[in-house]
Undergrad: 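Dropping a structure here in structure tokens format, bear with me for questions.
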Amino acid sequence: MEYIPGLAGVPAKHSKISDIDGEKGVLYYRGYSIEDIAENSTFDETCFLLFNGELPNKNQLTEFKKNISKGREVHPDILAMMSHLPNNASPMHVLQMSIALLSEFFPALTEQAEGQYSLEQQHSAAITIISQIATLAAAWERTYNNSLQGFSVTDKDYAANFLYMLNGNEDPYMIETLDKCLILHAEHTINASTFTAMVTASTLANPCSVITAAIASLSGPLHGGANRAVVSMIEDIGSPANVEKYIDSRLKNKEVIWGMGHREYKTKDPRAKILEKMLIKLLGQEKTSSIELETAKKVEEVCEARLGEKGIYPNVDFYSGILYKEMGIRPELFTPIFAVSRTAGWLAHYIEQLQNNKIFRPTQIYDGASPRKYVSMEQR
Ligand code: COA
């Protein structure tokens, strides 16, 4: 038996949802390139595509959006629970807690405990969860800001509604920017959190538990938490002049550079390229310059010189945090926004997993103590 650390390169399933060519730096959702989808689609349509495998026609999209928007209202008891949490609670923890609790308020989400869900029930659960998760993230933001009064859901498209719920912003350019961010983060083959979702789904756990587990996995800085770590790093560096010294010191100490490197890509992540352009466009729109962007570009340049031969280039998290910051979103929300978006991919994999389920149960290579006799307390 050969052990492969981190299961690098080990296929965990057959999938039809997304595909990456890490050498070429390309990503496809259901066969459509990420550039094409980001340019032409919306997050609502992308969810339909990920869940169903095909782009919707006009009627299908209208129906899908109607179903998503009518399931947005969050149960008042969940809002009441949020109001009892410490104000500095991590939004990722609050999201985990509230998604786990959803199953208590939507009995249909737990019926699977008695057996396998039908495909129709799986899709219906997916719609419920994707509808609720944006409201849950926004409701905590409003609770945190002490602005829950007057908080309301709308029947706008997903990104427009999410931004409105978060901070009341209705600027069309900001909505378009958030919409593209949601699309870009929606799905990415078998990354750590998606694998977590698949493993949890394979036990026939209810879909809220599947998403709760995936959120926990996403939260770490080696995965979705990196977007926040990048912004802290860029702020610590301060200006382009300090970049070389900072990077060299981190590399000397064997510390990673946040937002750099990827298990699959050996070139710049195609999503990072799009996010960088979006950031430049946003700054142009606002006619401002950004010391963060200038510092990040210098980090990219220095990392290319130091790490390029190892295939270490910017990943999706490198520019997204800086973009969110420019949009006026506080850093604690960067990873929860990623979670809202990636819920689309997690749910698509949840549905796919159940079509041909086999519980995940890998093996191990034991290298612990040989069998031995129990030693009594007096003899230790
Ligand atoms: N900064 C500096 N060096 C890095 C690096 C980074 N961000 N990412 C990888 N490397 C180096 C490793 O030190 C290793 O070097 P070595 O072969 O000389 O020992 C080599 O590149 C391979 O890295 P490895 O850790 O084996 O890659 P991985 O596939 O296991 O890890 C990540 C992938 C994403 C976890 C890793 O690149 C990382 O920690 N990146 C920073 C965190 C981040 O941005 N995560 C978000 C991912 S979307």
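These numbers come from a predicted model, not from an experiment. We count ligands from 1, going down the list as the structure has it; atoms in each ligand are counted the same way.
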Undergrad: Should Val230 be listed as contacting ligand 1, given a heavy-atom distance under 4.0 Å as the test?
TA: no
Undergrad: What class does the angle between the rings of Tyr324 and Phe334 fall in, given that below 30° is parallel, 30 to 60° is tilted and above 60° is perpendicular?
TA: tilted
Undergrad: What part of Asn191, side chain, backbone, both or neither, has a heavy atom within less than 4.0 angstrom of ligand 1?
TA: neither
Undergrad: Give a yes or no on whether atom 42 (C) of ligand 1 lies under 4.0 Å from any heavy atom of the protein.
TA: yes
Undergrad: For Gly259 and ligand 1, does the shortest N/O to N/O distance drop below 3.5 Å?
TA: yes
Undergrad: Any cation-pi pair here, Lys156 with Tyr164, using under 6.0 Å and within 45°?
TA: yes
Undergrad: Short list, please: which atoms of ligand 1 are under 4.0 Å from a heavy atom of His262?
TA: 37 (O), 48 (S)
Undergrad: Go through it in stages, so that I can follow the logic: the residues are Phe64 and His123, the test is ring-ring contact (aromatic ring centres under 6.0 Å, His included), and I'd like the CA-CA distance, side-chain angles, deciding distance and then a yes or no.
TA: CA-CA 11 Å; Phe64 187 73; His123 278 267; 8.9 Å; no
Undergrad: Heavy-atom count check: over 12 atoms from other residues, nucleotides or ligands less than 6.0 Å from Phe151 CZ?
TA: yes
Undergrad: For the backbone of Gly259 and the side chain of Asp317, can you confirm whether one donor and one acceptor N or O come within less than 3.5 Å of each other?
TA: no
Undergrad: Could you tell me whether Ile312 and ligand 1 have an N or O pair separated by under 3.5 Å?
TA: no
Undergrad: Any nitrogen or oxygen of Leu307, main chain or side chain, under 3.5 Å from a nitrogen or oxygen of ligand 1?
TA: no
Undergrad: Would you confirm whether Ser98, through its side chain, and Leu136, through its main-chain N or O, come within 3.5 Å as a donor-acceptor pair?
TA: no
Undergrad: Backbone, side chain, both or neither: what part of Asp317 comes under 4.0 angstrom of ligand 1, heavy atoms only?
TA: side chain
Undergrad: Heavy atoms, side chains only, cut-off 4.5 Å: are Phe360 and Gln353 in contact?
TA: yes
Undergrad: Measure up the Tyr158 and Phe162 rings against each other and bin them: parallel (under 30°), tilted (30 to 60°), perpendicular (over 60°).
TA: perpendicular
Undergrad: Over all heavy atoms of both residues, which pair between Trp140 and Met82 is shortest? Give the atoms and the distance, please.
TA: CZ3-O, 3.4 Å
Undergrad: For atom 32 (C) of ligand 1, state whether the nearest protein heavy atom is under 4.0 Å away.
TA: no
Undergrad: Evaluate the criterion ring-ring contact (aromatic ring centres under 6.0 Å, His included) for residue pair His262 and His188; output intermediate values, then yes/no.
TA: CA-CA 12 Å; His262 199 278; His188 208 230; 5.2 Å; yes
Undergrad: Can you confirm whether something in the protein, heavy atoms only, sits under 4.0 Å from atom 25 (O) of ligand 1?
TA: no
Undergrad: Looking at atom 10 (N) of ligand 1, would you say a protein heavy atom lies below 4.0 Å from it?
TA: yes
Undergrad: Identify, for atom 40 (N) of ligand 1, the protein heavy atom at the shortest distance, and state residue, atom and that distance.
TA: Met260 O, 2.8 Å
Undergrad: With heavy atoms of Lys310 as the reference, note each atom of ligand 1 found under 4.0 Å away.
TA: 15 (O), 16 (P), 18 (O), 21 (O)
Undergrad: Is at least one protein non-hydrogen atom found at under 4.0 angstrom from atom 19 (O) of ligand 1?
TA: no
Undergrad: Using protein heavy atoms only, decide if any is under 4.0 Å from atom 6 (C) of ligand 1.
TA: yes
Undergrad: Is there at least one pair of N or O atoms, one from Glu255 and one from ligand 1, spaced under 3.5 Å apart?
TA: no
Undergrad: Are Trp346 and Met198 connected in a single hydrophobic cluster, I mean Ile/Leu/Val/Met/Phe/Trp/Tyr linked by side-chain heavy atoms less than 4.5 Å apart?
TA: no
Undergrad: Can Gly6 be said to touch ligand 1, with heavy atoms closer than 4.0 Å?
TA: no
Undergrad: Less than 4.0 Å between atom 15 (O) of ligand 1 and some protein heavy atom, yes or no?
TA: yes
Undergrad: Is Asn315 touching ligand 1 with its side chain, its backbone, both, or neither, if touching means heavy atoms under 4.0 Å apart?
TA: side chain
